[in-house]
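In what follows, every heavy atom counts, from backbone to side chain, and hydrogens, waters and symmetry copies are set aside. Sequential numbering from 1 along the given sequence is applied to the chain's residues. In each ligand, atom 1 is the first atom listed, and ligand 1 is the first ligand listed.
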Amino acid sequence: MSGSSSKTYLEEANKYSAKNYHPLPVVLCKGEGVWVWDVEGKKYLDMLSSYSALNQGHCHPKIVAAVQKQVAKLTLTSRAFHNDQMGPFMKRLCELSGFEKCLLMNSGAEAVETAIKAARRWGYTKKKVAKDKAEIIACENNFHGRTTTIVGFSTEPLYQNGFGPFTPGFKIIPYGDASALEKAITPNTVAFLVEPIQGEAGIMIPPAGYLKKAREITKKNNVLLMADEIQTGLGRTGKLFACEYENVRPDVLIVGKALAGGMYPVSGILADEEVMSAFVPGNHGSTFGGNPLGCAAGLAALDVIVEERLAQRANEMGEYFMGELCKIKNPAIKEVRGKGLLIGIEIKKEFGLARPYCEKLMELGILAKETHDQVIRFAPPLVIKKEEIDWALERILKGLLPR
Ligand SMILES: *Cc1c(COP(=O)(O)O)cnc(C)c1O
């Protein structure tokens, strides 16, 4: 016991940390499954799961064991050499997702950057787009990460302002509008980058059939469909990948977050040889990408998703949770929407911002976070049980009462 209180840690963070986040004032020191504990020993139900990076729950014993075994054996080789963990992990990931090839990175933003680079190189080498003319189409209110190139095609001023000049070559269209996609395509278009559900934008679900139409349009025009499933993937929405809801197979599937069960940053893109052959030795890489520790965690994390049928559980528990949330009679609620265990409650503007509701929920033992001003996201670990959802519902009911 260090004896330090939350107050001390909050003051310390306040003093030394860049203010690039506005966290809830809770200081956590332990996690197990869907539960976390603060330094005073108070227990909370984690309904954010680190933005869906903890689909398998906190400190899943099987992933902990894999990490513990590997951390004492070999952690990093760089890609200058091979290691014995990367192959088995990529084989499993390719087999599960149905792609021929995989390229491993660390953070989600790096995987998106990798997809962008793949699309451009594919465009120049295969589609024969003239040098430096490649265009990529993305959507309004997208969230694909925080690098300078990626924030350059964000439409959220907060993510973008003050970080220019930006990388050219991106075109923005409204989300959910397939005819806008068709119109935006030119002979120089190499890819359409899209989230199957926009998580950060506030759990925005496109019209039924949107992805399927986008698939048809991109195929017809020889444009790559690149699905960013960093947040929606790996079981979160009730399928292993949200694209499966419309039987869509993208050309590039971007994964991250829960890929290593929250124990290590592991991300990557999946594609077939036709696209992946855009990369040749030396033209892309990462020192830590494909490291044995991350791959050992990743293999165990994938095993957990399959063995514990987490996608199916997200589907079942999500249906129950959404159903109960929809029954709540509360004048502050504008809408409840979601798929699987990616759920948002939109608060009516006249009832104030979502933030104070999250603070109230925290007091009641529920950790949830607002996304943008009006939406509270509920995305618990997929290992959550019905009793735990009931525990949460009791508190959500109280926490959402307008004051
Ligand atoms: C979180 C997220 C990213 C970025 O991942 P980081 O690991 O934070 O870089 C990209 N796209 C989507 C859809 C995300 O949810």
Is C243 close to R249 at the side-chain level, that is, under 4.5 Å between some pair of heavy atoms?
no
Give me the ring orientation class for W35 and W391: parallel if the planes are under 30° apart, tilted from 30 to 60°, perpendicular past 60°.
perpendicular
Is the terminal nitrogen or CZ of R146 (NZ for Lys, CZ for Arg) located under 6.0 angstrom from the six-membered ring centre of Y159 and within 45° of that ring's axis?
yes
Do K43's NZ or CZ and the ring of W37 fall within the cation-pi criteria of under 6.0 Å and 45°?
no
Under a 4.0 Å heavy-atom cut-off, what residues line ligand 1?
S107, G108, A109, F143, H144, G145, E195, D228, I230, Q231, K257
Exercise: do Y44 and D38 side chains pair donor with acceptor under 3.5 Å
yes
Only pairs at least two apart or in different chains count here, so list each side-chain hydrogen bond (donor to acceptor under 3.5 Å, both in side chains) that has a residue in residues 201-213.
none
